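This report refers to the structure that appears directly beneath it.
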Amino acid sequence: MGSTSAHKNEGLGRRDVIKRSAALGLITVPTMSFLSACASSDSSSDDTVKKGKTSAKNPLGVNDTAGLDVVIFNGGFGEQYAIDAEKQYTKAFPKAKVKHTATQKIQSQLQPRFNGGTPPDLIDNSGAEQMDMGVLVGKKQLLDLTPLMDAPSFDDPAKKVRDTLRPGVLEMGQFDGDPVWIMYYAYTVYGVWYSQTALEGLDAQYPENWDDMLALCAKAKKKGIAGWTYAGKYPYYLPFSLYPFIAKIGGREVLDKIDNLEPNAWKDPAVKAAFEAYYELQQKGYILKGTAGLTHIQSQTEWTKGKALFIPNGSWVENEAAPTTPKDFKMMVGAPSGLDSSDKLPFGTIWASGGEPFIVPAKAKNPEGGMEQLRIMLSEESSKNFTKQVKSLSAYNGGTDGLTLSTAMQAGVDVLKKAGDNVVNPRLQDWYAKLQKEQIGAGLGEMMAGRLTPAEAIKKIQDYADAAAKDQSIKHYKHQ
C-alpha cells in the first residue's frame, strides 16, 4: 500500500483526523495506556444477536428486530447527516430500534464499554479523543468490513460497495493485507486555506513558491494582517500543509520513509528545508501573535475575522467555521507553496484522503446492522444529503449532480484536478496516533513558537520516531 493514490475524481471532506484523521475535540488526545487497556479486554457480550436471513433487500443478513447502537462524533460535521441515514435504516427495518448518541468524548464514553465487551454497533471514531486505530487493529478489536465492501451497493445491485468509493478510500481502511478495518466516510482535502477576498484586498495572488509567500506575508504585515495562524494548542494541524510541502520538495518517498519509521527519515534534506521555511515565518513575525495558545476554533475565528491570511486545515473547516465566516469571505484552499525550482514534484501537490473514520467493533452486538447502516450512508441520497448539510463530499464517488458547490468546495475540487496524480496520503496519523498527535505535533508546536530551532525539532521528532520503532508493545505497519 503506497502513501499516495491517483485522485482523478472530484472530492472533498473532512478529517479524521488524525486524520480528522482528525481533531475537532476540545481536550487532549487519548494515551496509549487507555487504548491498550481498551483493546486488551477479554470481556465479551453473551447476547450477540442472531444473524437474519439474507435476501436481495437484506444482503448482509441483518436481524430485522435487533436494535442498532450508533455513536457519532459531534464535531465539525454535526450529527444530523447520521440521524437522517438512521431514518432510512428504520424504514428498512421498522421493528428495529436505533439508539443514537452524539458526543465529542469518544474515548471517555466508550472506554468502559470496550473494557466491558459491550461496544456500540457503529462508531464515528473521530476528534481529539479519537481511539488509536493502529492499536485497535493490532489488538483485533475491529470487525473486518470486507463483507460490506463485497455487498451489492444500495443504489445499484450490479455494483459492489467497493466499486462506488472514491480512489484510495478503501486502501486507507486496510493496514496489513486485504481486510478492511475502517470506512472513511468523508473525503478531505488538506492544505492552506485562505480568503480570496483578503487576497484581492492586497492585490495579490495565491503564492506558488516560498519567496512569493514571504513577500505576501511582508505585504500583509504592513497592513496589520498576520501571514499565518494555526491551532497552537493542537499543532498536529500543521502537517496538513507541511507534509505535502515536504513531499513536493523531496518526493513522496520521503513521506513513505517517515511512515515506515525508518532510521533518520526525519533528517532528510527535504524535511530540513521545509522546517526551516516554516520557522522563517515565525522568525520574521508573520505568525499571528498569540497563535501558540489558540484552539482550532479560536484560530479559525481569528482567521475568518481577517486577522491572518492563511491557516493549515482540512475541508471540514468550511462547515466548522461557518458561524464566524463573513458572507463575502470567498473561502478557498491552495496546495502548499513550493520551495523553489529544485522541488521534485510540481506546484499543486496536495494531501487528500478519506476522513471521518467509521468502525464496527469486533464485539458489537449487531455487527450486520452496523455494516448495513454504512451501506445506507454510501448511497447517492445519503451522500447528497451529507454534502448539502456539511459542505463536504463523501467517500461515495458521485452524488453531486444538481448541487451548487460553495467556493471552498469548488476550490477543493479544482486543486484535486490540478494535482492529478500528485496527491499524497501520509499514514502516520492512522498507524501511530500518539506519535503523530502528541509527539510530532508537540515538536512542531515548540518550533513554531520559537522555542526550538528546526535542527532541534528534527532531532526531537526523530527520537520520538525511533522510540516508536523500537516499541514492541505496538504493532508496526509499512507501505506494501
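Count residues from 1 along the sequence. All values reported here derive from a predicted model rather than from experimental measurement. Excluded from the calculations below are hydrogen atoms, water molecules and symmetry mates; all remaining heavy atoms, backbone and side chain alike, are included.
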Salt-bridge contact [X]-[Y] (side-chain N to carboxylate O under 4.0 Å):
X: Glu302; Y: Lys307; value: yes
X: Asp268; Y: Lys272; value: no
X: Arg451; Y: Glu456; value: no

Enter the distance from [X]:[atom1] to [Y]:[atom2] here, rounded to the nearest 0.5 Å.
X: Leu435; Y: Asp132; atom1: CG; atom2: CG; value: 10.0 Å
X: Leu202; Y: Leu216; atom1: CG; atom2: CG; value: 6.0 Å
X: Leu142; Y: Leu136; atom1: CG; atom2: CG; value: 5.0 Å
X: Gln410; Y: Lys417; atom1: CD; atom2: NZ; value: 6.5 Å
X: Asn313; Y: Glu320; atom1: CG; atom2: CD; value: 7.0 Å
X: Met447; Y: Ile458; atom1: CE; atom2: CD1; value: 8.0 Å

Please confirm whether [X] and [Y] have ring centers closer than 6.0 angstrom.
X: Trp210; Y: Tyr278; answer: yes
X: Tyr237; Y: Phe240; answer: yes
X: Tyr81; Y: Phe386; answer: yes
X: His479; Y: Trp431; answer: yes
X: Phe245; Y: Trp351; answer: no

Worked verdict on Thr324 versus Gln300 for side-chain hydrogen bond (donor to acceptor under 3.5 Å, both in side chains): CA-CA 9 Å; Thr324 63; Gln300 289 164 189; over 6 Å; no
Any side-chain heavy atom of [X] within less than 4.5 Å of one from [Y]?
X: Leu405; Y: Val413; answer: yes
X: Met172; Y: Ile182; answer: no
X: Pro239; Y: Gln436; answer: yes

Are [X] and [Y] linked by a side-chain donor-acceptor pair shorter than 3.5 Å?
X: Tyr190; Y: Asn425; result: no
X: Ser342; Y: Asp340; result: yes
X: Thr304; Y: Thr325; result: no
X: Ser406; Y: Glu318; result: yes

Over-ring placement of Arg427 relative to Phe175, 6.0 Å and 45° cut-offs: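 Yes.
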